Structures are given as structure tokens and as C-alpha cells.
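Below: one structure, written as C-alpha cells.
This one's a predicted model, so the numbers in the text were calculated from it and none came from an experiment. All ligand and atom numbering here is 1-based and tracks the order in the structure.
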Amino acid sequence: MNIKQAKTDHPILTLLAERWSPYGFEDRPVSETDLRSLFEAARWAASSYNEQPWNYLVATRENLPEFERLISCLVEANQAWAKTAPVLVLGVVSLQFAKNKKDNRAAVHDLGLAAGNLSVEATVRGLSVHQMIGILPDKAREVYGIPEHCEAWTAMAIGYKADPATLPDSLRERDVTPRQRKPLNKFVFTGQWGKASSLTLTKDN
Ligand SMILES: Cc1cc2nc3c(=O)[nH]c(=O)nc-3n(C[C@H](O)[C@H](O)[C@H](O)COP(=O)(O)O)c2cc1C
């Protein structure tokens, strides 16, 4: 079994168990057909009032000047590994409803849901997505002319994950460490905050 495959306590879609966030990417481009489908998957995410508050700025390593503009909007620690990915995407969220300019409290939630859809579509296509909160929103505003009511919130590195054996030590270690999660009883409650729901106390056979 793949070291990164989730060791689930209950059955889930294989697709979800197999998704993980690599630090090392193969030097292999992603087709435009695949990229269009990734954004199409994001497009069909649910959103509050169907506002679709997500926007994306995308750069591929085939266009190096554009790629470098996008990478300049990441924090240094993320630049260090994300520069090997063939595709970088900046997720920009519109924080106001288009129709009445009121605050959209669900906007960031909806950007995350769209990222979830995109990640699932990527996994089906043999691609990997590594999301990042470590970005420079003010720099992104300046570089891309992002309007006032919008904010760059997250980024994604997208590509084919590398064979860890080919990676430098610093990246390899992270890409061979098994994935960990809290058990259900630590976050699924009934009746009172912190009280594990009884449905989390039994294991499926
Ligand atoms: C919204 C979001 C922001 C993240 N930000 C970063 C980041 O800035 N840098 C980084 O190296 N990983 C980042 N990650 C990756 C997480 O660390 C990773 O998803 C988590 O450790 C679980 O690992 P897995 O995705 O392989 O299951 C982020 C993930 C998400 C969903």
C-alpha cells in the first residue's frame, strides 16, 4: 500500500484516501485539457446564494515570466518547493455579494469548497494539488491589480507528484511521512461541545 494512502477508520472513497499534498513534483507539464477540467470542477462547487466568489490567477512554467510573477506572491518557505510545480494558481475571493455589496461571510468557505472539487478532479486525473495559505496578499494585489472587494487568499501548486527517491533530503522526508488525522471522537460531538458523539465510539467491521 502507498505510504501516503489514508489508513481510514471507516470506509471512504478510494479517491479521497489517495489524495495527499506533495512537496515534490515531476518536471512534466499539465495539459490544458486537464487544467480546464480542474477549473470546471471548481466551477460546479456549491456556494452561498450561488455567488461563486472564487477567482483564479493561473501560471504555468511554460510561460516563465508569468510563473515568476505568481511565485513572487508566495511566502519564501512555499516558494522553495512550489517552484518545481508545473502549474501555480492563486485563489482570489470576492468578499462582497455582487448584487448588494453586503459582506459574504461564506466566501472563504466557498473558495475552500471549490478547491476541494478541484482537488478531487485532479486526483482522478493522476494529478496532485498542494494548497497554500502562505501567500502575500498585498503583493498579489499590486502584481495583478486585484480590486478592493477581493483578496488573494490561498494558492495551489498543481502537477504530477515526483518519486520521493528523486527528491533532495529536505523534501523527501515530508513526502514519505505517513498522513495523520485526529480520530472522529475528537471533532464529532453530540449534546455538548467536546462530548464525543456516540456514533464515533464504534468501529465498522
Ligand atoms: C487551506 C490550506 C492551506 C495550506 N497552506 C499550506 C502552506 O502554506 N504551506 C504548506 O507547505 N502546506 C500548506 N497546506 C498543506 C497542508 O499542510 C496539508 O494539506 C496537511 O498537512 C495535510 O496533508 P495532506 O494534504 O497530504 O493530507 C495547506 C493546506 C490547506 C488546505
Look at the side-chain heavy atoms of Ile, Leu, Val, Met, Phe, Trp and Tyr, link any pair under 4.5 Å apart, and say whether L70 and L35 land in one connected group. no

Rounded to the nearest 0.5 Å, how far does CG of L88 lie from CD of E68? 11.0 Å

N185 CG to D9 CG distance, which is reported to the nearest 0.5 Å: 9.0 Å

Applying a heavy-atom distance cut-off of 4.0 Å, which protein residues contact ligand 1? R19, W20, S21, Y23, N78, W81, H130, Q131, M132, I133, G134, R179, R181

Pairs involving residues 128-141, ordered by first then second residue, that meet side chain to side chain donor-acceptor pair (under 3.5 Å) (sequence neighbours left out): S72-K139

May I ask you to decide if T123's main-chain N or O and R19's side chain share a donor-acceptor pair within less than 3.5 Å? no

Against the six-membered ring of Y49, is K99 placed for a cation-pi contact (under 6.0 Å from the centre, within 45° of the normal)? yes

